[in-house]
There are 2 protein chains.
Amino acid sequence: MSKEHKVTIADIAREAGVSAMTVSRLLNGKGPVAKETAERINEIIERLGYQPNFLARSLSSKKSMIIGVTIPRIEHALLDNYIAQILSGVTNIALKNNYRIMLLPFNPEEGDRNEFVNWHRSKMVDGLILLKTLHRDERIAALAEQHVPFVLANHKYYADGVNFIDVNNAKGIALAVEYLVAKGHSEIAFVTGDLRETNALDRLNGFKKVMQKLGLPLREDWIINGQFNREIAYRESAKLFADKKRPDAVVCSDDYMAIGVINRIKELGLSVPDDVAVTGFDDIEIAGFLRPALTTVRQPIENIGRVAAETLIKILNEGIKKPVHRLLNVKLIPRESA
Amino acid sequence: MSKEHKVTIADIAREAGVSAMTVSRLLNGKGPVAKETAERINEIIERLGYQPNFLARSLSSKKSMIIGVTIPRIEHALLDNYIAQILSGVTNIALKNNYRIMLLPFNPEEGDRNEFVNWHRSKMVDGLILLKTLHRDERIAALAEQHVPFVLANHKYYADGVNFIDVNNAKGIALAVEYLVAKGHSEIAFVTGDLRETNALDRLNGFKKVMQKLGLPLREDWIINGQFNREIAYRESAKLFADKKRPDAVVCSDDYMAIGVINRIKELGLSVPDDVAVTGFDDIEIAGFLRPALTTVRQPIENIGRVAAETLIKILNEGIKKPVHRLLNVKLIPRESA
DNA sequence: ATGAAAGCGCTAACAT
DNA sequence: ATGTTAGCGCTTTCAT
């Protein structure tokens with residue numbers, strides 16, 4: 001904690017009258033070091049304020065102890081509560097296991113087939129957690145082919161060498177619809193997310209399936225695309241109320257869109273939930289504090305991040321065994337909006 | 001894009017019949033390379049799918065091209081819209097300048113004096129952007145002493161070798177109070193943030209000052225501490241309405257706390273803004289969509305991140321000149337809550 | 001315009 | 001319990 005400039009392992013070794021290896025062993029807890037030697041070295045490390053060079057260590061050991069997390073390269077990606085929560089879960093687990101997180105912005109719509117692989121090839125990261133990737137992204141296939149350790153978060157993708165953590169989306173939507181039906185609703189509209197994401201697709205398919213199962217009418221013009229975007233949902237939902245005959249309930253594929261739809265309904269002078277009931281999906285942090293408080297399907301978003309990180313770290317430590325495909329559970333949270 | 005395993009610069013050089021240096025020059029655009037040689041090398045790089053080893057490059061060149069961003073080590077740090085927005089701004093600028101972002105979780109309350117310095121000493125990062133640090137953190141002083149390139153975001157700290165980007169907090173609060181007064185309010189309460197953060201302090205002092213300037217009564221029991229936390233603000237604000245004599249307006253030090261206060265007021269059967277007007281600070285993404293929509297002081301949060309990143313990168317490229325102390329502007333956004 | 005030599009600071013592998 | 005050797009893959013510096 002004194003010397004102004006770079007103290008290396010060699011300096012410590014010289015000062016302690018041992019070889020660099022002994023210092024290295026002590027530092028990494030690998031191999032035996034005599035207690036007295038250890039104490040002497042530790043004292044010197046402390047005194048000189050030695051800090052191991054992470055780059056040299058990683059280059060030599062071939063492990064960077066960094067996990068890369070993809071985030072969509074849009075202005076406000078991190079403002080998305082959903083992305084932030086997953087990131088939060090990933091960060092917590094990574095930290096506990098001595099990994100650091102590197103943010104890797106990417107364009108979900110396009111990119112070189114080897115873009116993801118190259119992050120690993122360049123030794124920048126030991127493994128990857130992929131967020132917000134779209135259905136059939138070739139970059140994911142490339143990762144699997146090249147045996148790069150990676151885990152998809154919230155992206156269902158059954159294939160060799162692909163690990164994913166997701167939730168049971170279809171069940172979540174079924175819970176919402178069944179709840180509405182129990183409350184006496186039958187004219188139910190649906191707002192989809194970005195259908196290039198598998199969970200948006202799963203929710204839509206889940207909706208169709210449960211409606212059929214319950215023998216309820218499925219009107220194509222009552223299925224609108226909200227792109228997982230509050231403002232788009234606000235805009236598009238106008239269509240649902242243009243006719244005299246309007247739905248008495250709207251199931252939304254996420255909470256932000258539910259907020260947009262609710263604002264639209266209020267603006268039309270209708271009441272939520274009396275005239276139209278609205279459900280969301282996610283249970284974002286603010287959901288319970290909105291007025292009306294949002295009835296929604298809670299998915300354990302942060303936990304998806306945690307499990308994804310745990311899975312990746314396990315793969316990093318023990319190698320890839322059989323692919324991990326995990327679906328976490330969802331739960332209906334009844335509040336005021338439905 | 002074919003070979004399964006690590007292609008190095010030596011492989012490319014051999015294949016092209018040149019030395020590694022020529023390949024390196026081409027890769028980094030430093031020094032001259034004959035056009036024909038360049039084409040040949042490029043073709044081989046493409047064919048073999050060569051990807052430079054970031055660790056080796058950084059070790060050798062002594063630059064990691066990574067910017068570290070501190071985030072508080074709490075479960076939900078990233079869910080904080082404010083942190084997320086700054087991070088978003090930082091990420092955008094970093095990306096444009098070929099820097100990557102590493103997340104560095106830390107405990108704002110305590111830590112080794114050299115904790116921040118060591119991230120730099122270990123060569124993990126070229127420079128730091130500090131978020132959510134508390135007033136008088138010794139780790140910041142250590143950074144300045146050791147000449148580590150760093151910038152504080154939203155933390156006012158006038159000292160040698162300390163750069164910061166912040167907003168004019170006192171002015172923001174003055175705008176809110178003056179607006180309320182113009183609307184006929186005079187019984188004004190205040191909710192502070194975490195007073196260990198300089199911007200919470202600045203807002204509180206700004207409040208006291210403007211109240212005095214306007215000749216309004218300053219009641220100590222109408223200044224409550226909400227810790228920048230919605231639930232705490234909700235809980236603590238009960239005190240404001242316990243007496244018969246209650247404030248007719250509440251100025252809050254951030255939007256989350258304003259949400260908490262509004263919910264409290266509604267719960268007491270009072271109306272916002274008719275019985276009690278409420279203002280926030282920040283203008284978080286959801287502010288305009290709340291009901292009542294939040295009247296608040298907008299600070300250019302994402303821009304703070306951008307400017308902080310630009311400043312840091314400039315320091316990284318050109319060395320540290322005189323300290324950068326920038327205060328960005330704020331603006332009142334009148335909506336429904338006041 | 002290109003190359004050779006010498007590291008950057010560390011650890012793996014193999015001694016002793 | 002400790003040391004020696006040989007890299008990891010690149011760039012810097014100095015030649016040619």
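In the text below, chain A, chain B and the rest are named by the order of the sequence lines, each starting its count at 1. The figures that follow rest on heavy atoms only: side chains count, while hydrogens, waters and symmetry mates do not.
Note on residues 302-322 of chain A: no pairs pass ring pair (Phe, Tyr, Trp, His ring centres under 6.0 Å), not counting sequence neighbours. Residue pairs meeting the side chain to side chain donor-acceptor pair (under 3.5 Å) criterion with at least one member in residues 22-34 of chain A, sequence neighbours excluded: A:Ser24-A:Asn28.
Rounded to a whole Å, the CZ atom of B:Arg25 is 14 Å from the P atom of D:dC14. Atom pair B:Glu36:CD and C:dA1:C1' shows a separation of 12 Å (rounding to whole Å applied). Atom C1' of nucleotide D:dC10 and atom CE of A:Met124 are separated by 14 Å, given to the nearest angstrom. The distance between atom CD1 of A:Ile12 and atom C1' of C:dT11, rounded to the nearest whole Å, is 16 Å. The CZ-C1' distance, from B:Arg40 to C:dA1, rounds to 12 Å in whole Å. Between the P atom of D:dT11 and the CZ atom of B:Phe54 lies a distance of 12 Å, rounded to the nearest Å. Atoms NZ (A:Lys63) and C1' (C:dA12) sit 12 Å apart, rounded to a whole Å. Atom CG in B:Leu27 sits roughly 8 Å away from atom P in D:dC10 (whole-Å rounding).
Relative to the axis of its first five pairs, the axis of the last five pairs of the helix from C:dA1-D:dT16 to C:dT16-D:dA1 sits at 30°, rounded to 10 degrees.
If you take CD1 on B:Ile301 and CG on B:Leu328, they are separated by 11.5 Å, rounding to the nearest 0.5 Å.
Looking at the side chain of A:Ser19, the nearest of the listed nucleotides C:dT11, C:dT2, D:dG3 is D:dG3. For B:Ala34, the side-chain atoms get nearest to C:dA1 when compared with the rest of D:dT12, C:dA1, D:dT2.
Remark: A:Lys123 is not in phosphate contact with D:dC8, judged by side-chain N or O atoms under 4.0 Å from OP1 or OP2.
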request  = Starting at the 5' end of nucleotides 5-10 of chain C, put B wherever the base has a protein heavy atom under 4.0 Å, S where only the sugar-phosphate does, and a dash everywhere else.
outcome  = --BBBB
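In terms of the side-chain hydrogen bond (donor to acceptor under 3.5 Å, both in side chains) criterion, residue partners of A:Asp137 (sequence neighbours excluded) are, by chain and number, A:Arg139. Residues meeting the side-chain hydrogen bond (donor to acceptor under 3.5 Å, both in side chains) test with A:Glu138, sequence neighbours left out: A:Arg113. Shown here are the side-chain hydrogen bond (donor to acceptor under 3.5 Å, both in side chains) partners of A:Thr198, two or more places apart in sequence or in another chain: there are none. Under the ring pair (Phe, Tyr, Trp, His ring centres under 6.0 Å) criterion, B:His325 pairs with B:Tyr158, B:Phe164, sequence neighbours left out. In this structure A:Asp160 satisfies the side-chain contact (heavy atoms from CB on, under 4.5 Å) test with no other residue, sequence neighbours excluded.
Using a 4.0 Å heavy-atom cutoff across all strands shown, B:Ser58 reaches no nucleic acid atom at all.
Heavy-atom nearest nucleotides on DNA chain C were determined for A:Ala20 and for B:Thr37, and the one closer to the 5' end corresponds to B:Thr37.
Considering B:Ile9, B:Asp11, B:Ile44, B:Ile41 as possible partners of B:Tyr50, the one that fulfils the side chain to side chain contact (heavy atoms under 4.5 Å, CB included) test is B:Ile9.
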